[in-house]
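So the structure is just underneath, and the comments pick up after that.
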Amino acid sequence: MADAPAGRDYRETVFLPDLPGDPFPLRAGLPKKEPERVKHWAEIGLYNLLRKDAAARPKYVFHDGPPYANGAIHIGHAENKILKDLVVRTRQMSGFDCDFVPGWDCHGLPIEWKVEEDFRKAGRKKSEVPAVEFRKACRAYADKWIPLQRDEFRRLGIEADWDNYYTTMSFPAEAAIAAEFLRVVRTGLVYRGSKPVMWSPVERTSLAEAEVEYQEKTSPMIWVKFPIVGVDRTITARSIELGTPADASADAVATHAKRVKDLDGASVVIWTTTPWTIPGNRAVSYSQGIAYGVYQVKSIEQGLQFEPWVKPGDKLVLADKLAEEALRAAKAEAWERLDRFDPIGVRIAHPLRGQGYEFDVPLLDGDHVTDDAGTGFVHTAPSHGADDFVIWTKHFGQEGIPFTVDEEGKLTKEAPGFEGLEIIQLEGKNLGKDGPANKAVMDALIAAGALLARGQLKHSYPHSWRSKAPLIFRNTPQWFIALDREFRDGKTLRQIALDEIERVDWGQKRTGETKDQNRIKGMIQDRPDWLISRQRAWGVPLPIFVKRSDGAILQDDAVDARIIAAMKEGGADVWWATPAQEFLGAKYKAEDFEKVEDILDVWFDSGSTHAFVVGNPDAPTRASFVNPVSTIYLEGSDQHRGWFHSSLLESCATRGRAPYDEVATHGFTMDEKGMKMSKSIGNTIEPQTIAAQNGIEILRLLIASAEYGDDLRLGKIMIDQSGEMYRKLRNTLRYCLGSLKGFEESERVPLNHDLPLMERWLLHRLWQLDRVVRQAYDTYQFRVALSAIVEFCNVDLSAFYVDVRKDTLYCDAPTSLRRRASRTVLGETFSRLTAWLAPILPFTAEEAWLTRFPETVSVHLRQFPQTPAAWEDDFAGEEVARLREARAVVTGALEVARRDKSIGAALEAAPRVFVVDDELRASLQAVDFAELCITSGIVIEAGEGPADGFRLPEVAGVAVVVEKAAGVKCARSWKYFDPSTADPRYPDITPRDAEAVAAWDAARG
RNA sequence: AGGCCCGUAGCUCAGUUGGUUAGAGCACACGCUUGAUAAGCGUGGGGUCGACAGUUCAAAUCUGUCCGGGCCUACCA
């Protein structure tokens, strides 16, 4: 072959990066390939291999917050689980053992509703279905969804212990949740109080806000007088300053005297549309922001067909803005404003004083009071309204809130004079209409002379969405966990929780962001006691007995142990299915105790998962949870009031510490305009759709590149952009694979400063990138890592290193040191890129890795490669940066020449480069600058260069004049060269190419 | 309605303690290449930093008000 004819086609001698059979095509076919890979990982038991591999490493616990076992997963679930997967995978590859046990939350209303509906369709009311049967149906419902969701999560590429997931409804979990509650009971924090809830007398049940619908209803409205019975001398700011209990100045005495005179016989007037709540009245609220006056009636309207209740001379206290309206309703004709009214120190009586309502009624300052309607004073019945309850408990705690209404909506003996009266009619054709309670109360008020006026009002009123009957607010006994009761080293639960919030890293240690910490802190600071009892069916009971004689909770280890043991065997159902005496044993008599039948707030369930899933902190459930370096929770930012919150309180109550060391949050998925996704608007995007159309890695990449702490925007443009990013990354891996084709260990060169500058520089870049990527992954800032990787691939590799080195890679002989160095360093690059990308692109990284190393098991069993400190090479870094600046002037000049049509490809040029600076000129001369500029030749000269030379304003002292390359075009490398230098055997190619072809020919005989 | 948070090029993001003409990648336009080719390279256009007011010699950066958006304020998870 030595005498190869001129005009030979050298293409076969060029080391092009195409791969035989193209095992790693640019067109990835992700939608089809991803599910196959998931199946493969399951088959080889990758998860167990990961555990085995990492068994000896430090532990890092990621505790999965359980999604609700109901319905197909949506895009929010996908973001959540993908972010978790990113953390788990990066921890695992950063030298830790990061075991991930996924879980499901199973109890709660949504399933209860669904099951209730199913029973109703079958013609059975919930009240007719035995509790155990009903619960069994709920369990079956959750059980149906778990495997479906699990498969959807696996499709997202989430690596987890999918065969050993946890649920909050497994028997051991239910027993553990009950046991956790009993632990809290032992702290003394659990107490029985009460709270008004939305109640449907017709259905005899409480309702959730979501079960309530608002409809028009006509109600009576009444203005009621609360007589003023005393005016105390007030303590002014000035007297406090002077240290005297009351202002004793002569002026103050006179002012007080006038005040007493003005208010003598006066009444504070309230307005309400629920007369039946008057027996429950315990306070009147006012607002400091409203101006009030004392009004005296001068005359009443004449010619009325009835005698109004108001009389000339009556003194009424009203908000100035609403006084006229109230006085007109009372049929007053003329009145006089005697004075402004100051509520401080005024004592008033219940309007039914003398009939069992002997107490004074305090005047309370409340933010909820407005002067938009009514009288500016708000009738406050803590049993019958949320605002009422809040303002009352703020001043007086749980004391003194009466139970004036029973579960049928009848007034009780705590409403003297009205016992047994129905608020709403429960039967007959008037079902849902007002019962006799309203009229009876109004009659009593009239008889007491306390009614000022009345009328009728059509307004929006809550109704049950099922029975359509009107609802009432009813005070019911409930169980609470106290936040401000000292229990552990003299600290309260609130204090311990706040201390733990300081200890935990909410991002302030990782990124300096304090918003999550502030948010949870604010919530814990402000929240009321934890209401933990619910009158529902699908949950874990409060497994306690209350002594009838004194209301104390029975605390007996033997009883508790029997309850827990039974639940471990038979689940929470045993609480309903087992006679109380069996739990109580021989020591107690069942009839002496009330068995609590409420269920626990489902937040208590999820707040207890740390106890039975990871065994926080001293009873780890797996070897991989022993002595963790750190325990992290990561959820949507709504969980500040959800899981983060309940877990914190539960664990602080039972263990005195938060169950986590780190918390990270993510925002919500929005549409492309940043608007909330909703089915009714039709702007939702399903993860299943992205998986089927684009491949789930496109979504993973999108999430990894986002600032996930903020809301995530999702639309076609973003998905397309992510697809482009994917293509670039994949093509980079593909090019590496092609360039490394047939690489053998013997070809490897030592990685030291004897390498060519380009390779020294590339190693230096990898060293830099290594630091950025590690630091970013350590702080869960995936976008920082990814953008550094992408920029490296685009700017350093594709546009520079590879572009320059193509000539070497394609045309040098295999023995060329330059080519060997390049391939060795590209191997290191490939090694790092596949590792760094593996958490984000688990499918593609695996595909690339196994394409190069088919004998290995999985890229995911790797660690992020250690990068030797010796790769740091500031000289190479700075030198190449200078060379690239000069190169930018050359490419700029070539672009001008191209526009002139004087050249096409860069190889057609041989520019002259004028460099003023001696040092820079020396740098250019120290390397093959033509190679860097991908030109066939280059001339470096000293000086400013000609005036019409090409210059860039940002690169001073460099000018370029483009000249066409001399000689002939090499038939192999397409470089222009002097044919007189050619090897006679290969006259049409450069000597370098001739050497390579000779070797190629020799290898093939 | 309140509490907390977000708002920099078409898109995703950088912008150190306030300090020169506000950056990157992608997208877009034009050109080159046709040996990364349903690829690769180069050049270029594009931003009153949500709006307004203030503090300052100087504001994307600090303060206030407003606008737009989100989460929370559920016997929802």
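None of the values given here were measured: they were computed from a predicted structure. Below, chains carry the letters A, B, ... as their sequence lines are ordered, and counting in each starts from 1.
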Between [N] and [M], how many Å separate the two [atom1] atoms, rounded to a whole number?
| N | M | atom1 | value |
| --- | --- | --- | --- |
| B:G7 | B:C49 | C1' | 10 Å |
| B:U63 | B:U20 | C1' | 26 Å |
| B:G23 | B:G68 | C1' | 26 Å |
| B:U61 | B:A1 | C1' | 32 Å |
| B:G10 | B:C57 | P | 35 Å |
| B:U8 | B:G69 | P | 15 Å |
| B:A22 | B:C13 | C1' | 14 Å |
| B:U48 | B:U12 | C1' | 23 Å |

Candidate nucleotides [options], ranked by approach to the side chain of [X] - the nearest:
| X | options | value |
| --- | --- | --- |
| A:K806 | B:G25, B:A27, B:A36 | B:A36 |
| A:R519 | B:A14, B:G3, B:C75 | B:G3 |
| A:L26 | B:A39, B:C26, B:C32 | B:A39 |
| A:K515 | B:C32, B:G40, B:C5 | B:C5 |
| A:D710 | B:G25, B:C6, B:C72 | B:C6 |
| A:V602 | B:C26, B:A77, B:A39 | B:A77 |
| A:K901 | B:C32, B:U43, B:A36 | B:C32 |
| A:Q639 | B:G31, B:A77, B:G35 | B:A77 |
| A:R534 | B:C75, B:G10, B:G35 | B:C75 |
| A:D638 | B:C71, B:A36, B:C5 | B:C71 |

- Task: Would you tell me if any nitrogen or oxygen in the side chain of A:Y10 comes within less than 4.0 Å of OP1 or OP2 on B:G35?
- Result: no
- Query: Pairs in or reaching into residues 517-530 of chain A: which pass salt bridge (charged side-chain N to carboxylate O under 4.0 Å, His left out), with residues at least two apart or in two chains?
  - Reply: A:E502-A:K521
- Query: What about the rings of A:W643 and A:Y633, do their centers lie closer together than 6.0 Å?
  - Reply: yes
Side-chain donor-acceptor pairs of residues 784-796 of chain A under 3.5 Å, sequence neighbours excluded:
from	atom 1	to	atom 2	distance (Å)
A:S787	OG	A:R783	O	3.0
A:S787	OG	A:V784	O	3.3
A:N794	OD1	A:K728	NZ	3.4
A:N794	ND2	A:V790	O	3.2
A:D796	OD1	A:R884	NH1	3.0
A:D796	OD2	A:R765	NE	2.7
A:D796	OD2	A:R765	NH2	2.6

- Message: Using a 4.0 Å heavy-atom cut-off, does A:R805 contact any base of the nucleic acid, only the sugar-phosphate backbone, or nothing at all?
- Response: nothing
- Task: Using a 4.0 Å heavy-atom cut-off across all strands, classify A:M725 as base, sugar-phosphate, or nothing.
- Result: nothing
- Partners passing side-chain hydrogen bond (donor to acceptor under 3.5 Å, both in side chains) against A:R727 (at least two apart in sequence or in another chain): A:E724
- Message: Regarding B:A77, can its base be found pairing with the side chain of A:D105 as donor and acceptor, where the two atoms are less than 3.5 Å apart?
- Response: no
- Message: Quick check on contacts: within residues 666-678 of chain A, what sits under 4.0 Å from RNA chain B by heavy-atom distance?
- Response: A:F668, A:M670, A:G674, A:M675, A:K676
- Among residues 789-804 of chain A, which residues get a heavy atom nearer than 4.0 Å to RNA chain B? A:V790, A:E791, A:N794, A:V795, A:S798, A:A799, A:V802, A:D803
- RNA chain B in dot-bracket form (Watson-Crick or G-U pairs under 3.5 Å, [ ] crossing, | inter-strand) is (((((((..((((.....[...)))).(((((.......))))).....(((((..]....))))))))))))....
- Query: What class does the angle between the rings of A:F181 and A:F604 fall in, given that below 30° is parallel, 30 to 60° is tilted and above 60° is perpendicular?
  - Reply: perpendicular
- Toward the 5' end of RNA chain B, by each residue's nearest nucleotide, A:A706 or A:P110: A:A706
